[in-house]
Amino acid sequence: MLKFTDDHEWLNIENGIATVGITGHATEQLGDLVFVELPEVGAEFGEGDTAATLESVKAASDVYAPLAGEITEINDAIVDDPAIVNSDPTGEGWFFKIKLADASAAEGLMDEDAYKAMVG
Amino acid sequence: MSETEVLKTPLHGLHLELGARMTPFAGYDMPLQYGLGILKEHLHTRDQAGLFDVSHMGQVALRPRSGDIADAALALERLVPVDILGLAEGRQRYALFTNRAGGIEDDLMVANRADHLFVVVNAACKEVDFAHMQTHLSDACEVEWLDGRALLALQGPKAEAALAALAPGCAAMRFMDVSTLNVNGVDCVVSRSGYSGEDGYEISVPEGAAAGLARALLEHEAVEPIGLGARDSLRLEAGLCLYGADLDPATSPVEASLTWAIQKARRTGGAREGGFPGAERILRELAEGPARKRVGILPEGRAPVRGGAELFADEDGGAPIGSVTSGAFGPSLGGPMAMGYVAATHAATGTPLFAEVRGKRLAVQVADMPFITPGYKRN
């Protein structure tokens, strides 16, 4: 199940675990990424908490936990080479996997059509 | 200028045609970046050549009423701690408008054009600078806006080849030379200088010919259009100050580590000692050293440290000993870089410090600037 947030994050949810990244639209707005700071595996977040920090050539920005849960895996490859997020935001450029505290909460997020309509 | 009116340079239409992402800057709608993006635009400028629209900057002529350029030079020396009288014909020099408290009101370039001084000031300060010059120089000079002119910067190791294709005479110029060259069929005032740390030129061109000249330069295979984003990372790698960020009305040229811009003639014991606003403080700081100083700062990790970050001597506790005024990722450096002000006691190269970023203290070091090797053509 693919879902999107107002903050331009995508979630690919399988068996109650969401793989989270930022959309191509977000990477275009941010520009070239030069630094990524990811949470630690085991960290717990409430919905909307800052879970990761990005720095582009222009500015810093936060990545929020789209839903409450616990981090189960992080993508160290984007810490070593943040440019992966620019080149493949919805594939190799994923950020972290989060085990959702309440998988049904994802129903409230946008589907792909709704997200595309939002970003025009 | 009204608060709401958005100003456009003569190249505005070309920026849109080239697909620039525009941003408001000093009242103008300016290109932040083009299709390459900031990182590649930066690297392209260091490797090849970049074309920048800097037409938003203020271009002013100071024409001596007596007809003697020395009178204009002596008049301008009332406002800057710089040796203008000693500036030879056809040469350009960096200068600073100081205030009575010894702080910096703007930084500028001054060229001796034989019958007048050609002054280029920052966009955000240009109205105030113009009024300042009118108030203090009108007895000796006509202070004249050159507002019918655009200003292009062509920077990078291939800048000479690209400009020489249109104006072969540019190749004979050295760093900080200024001359009139016919470029693409139009007389332009060309200086061999810029704001990137690379060899290059700034070209003052009549506004009606500006877009045609820009297109002619962009036809050269080495030249790409470069936006304000890369302009900022290029100047920071080169250790060059941005007025309003690294320089301000409370900061003296000595604190700003710009003592090289204050020639001997204006210092204590010099031929024209003092005689500029704030001379008492500036000459005292030259003699005794400033309490704080602008330095380069290199973070040890990969996280950029941005302007506004406070600097500490220790990893925990203590009061800040300084702060960062500009910070970014340096594409050519391959890592984060910054400049800022620290207490003189912590200003030595290699001094370990900590920068507070998002509540964490990150290890940084005081470092020499520039962060890259400049490509200025000095010989």
Side-chain angles (χ1 to χ4, degrees), chain A residues 7-9 22-46 48-65 71 74-90 92-93 95-96 119-120, chain B residues 19-25 30-46 226-237 245 299-309 324 326-338 355-360 362 364:
Chain A
D7 298 312
H8 309 285
E9 292 158 16
I22 63 172
T23 66
H25 175 80
T27 60
E28 282 164 29
Q29 295 301 313
L30 290 167
D32 302 299
L33 294 179
V34 296
F35 175 73
V36 178
E37 190 171 51
L38 293 175
E40 290 183 10
V41 171
E44 291 187 32
F45 294 103
D49 289 352
T50 298
T53 302
L54 304 180
E55 296 257 5
S56 76
V57 283
K58 282 182 275 187
S61 48
D62 292 326
V63 174
Y64 306 106
I71 302 296
I74 57 172
N75 185 6
D76 283 320
I78 64 170
V79 176
D80 294 335
D81 184 8
I84 295 170
V85 180
N86 291 100
S87 58
D88 191 9
T90 53
E92 294 296 313
F95 279 64
F96 51 79
V119 298
Chain B
R21 182 177 299 173
M22 305 298 284
T23 188
F25 183 84
M30 296 299 287
L32 174 67
Q33 63 180 76
Y34 299 85
L36 284 180
I38 294 171
L39 202 65
K40 291 196 180 79
E41 288 174 25
H42 177 114
L43 295 171
H44 183 88
T45 305
R46 292 248 183 272
I226 310 295
L228 292 180
R231 182 168 163 84
D232 192 54
S233 54
L234 286 160
R235 69 91 191 168
L236 183 52
E237 276 186 345
E300 288 181 4
R302 295 182 57 166
V305 174
R306 308 271 179 186
V324 171
S326 287
F329 178 83
S332 303
L333 185 67
M337 58 176 175
E356 198 161 281
V357 177
R358 293 182 284 270
K360 284 185 221 161
L362 308 180
V364 303

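Residue numbers start from 1 in every chain, and the chains themselves are labelled A, B, ... in the order their sequence lines are given, proteins ahead of strands.
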For B:Glu300, does the CD atom have more than 12 heavy-atom neighbours from other residues, nucleotides or ligands under 6.0 Å away? yes
Step-by-step salt bridge (Lys or Arg N to Asp or Glu O under 4.0 Å) determination, A:Glu55 to B:Arg302: CA-CA 10 Å; A:Glu55 296 257 5; B:Arg302 295 182 57 166; over 6 Å; no
Chain A shares the most heavy-atom pairs under 4.5 Å, among B:Ala328, B:Pro304, B:Ser233, B:Gly335, with B:Pro304
Verdict with supporting geometry, A:Gln29 and A:His8, side-chain hydrogen bond (donor to acceptor under 3.5 Å, both in side chains): CA-CA 10 Å; A:Gln29 295 301 313; A:His8 309 285; over 6 Å; no
Passes salt bridge (Lys or Arg N to Asp or Glu O under 4.0 Å), B:Arg46 versus B:Glu237? Steps please. CA-CA 11 Å; B:Arg46 292 248 183 272; B:Glu237 276 186 345; 2.9 Å; yes
Pair count under 4.5 Å, heavy atoms only, with chain B: among A:Ala60, A:Ser56, A:Ala59, highest is A:Ala59
Contact class of A:Val79 relative to chain B, heavy atoms under 4.5 angstrom: backbone
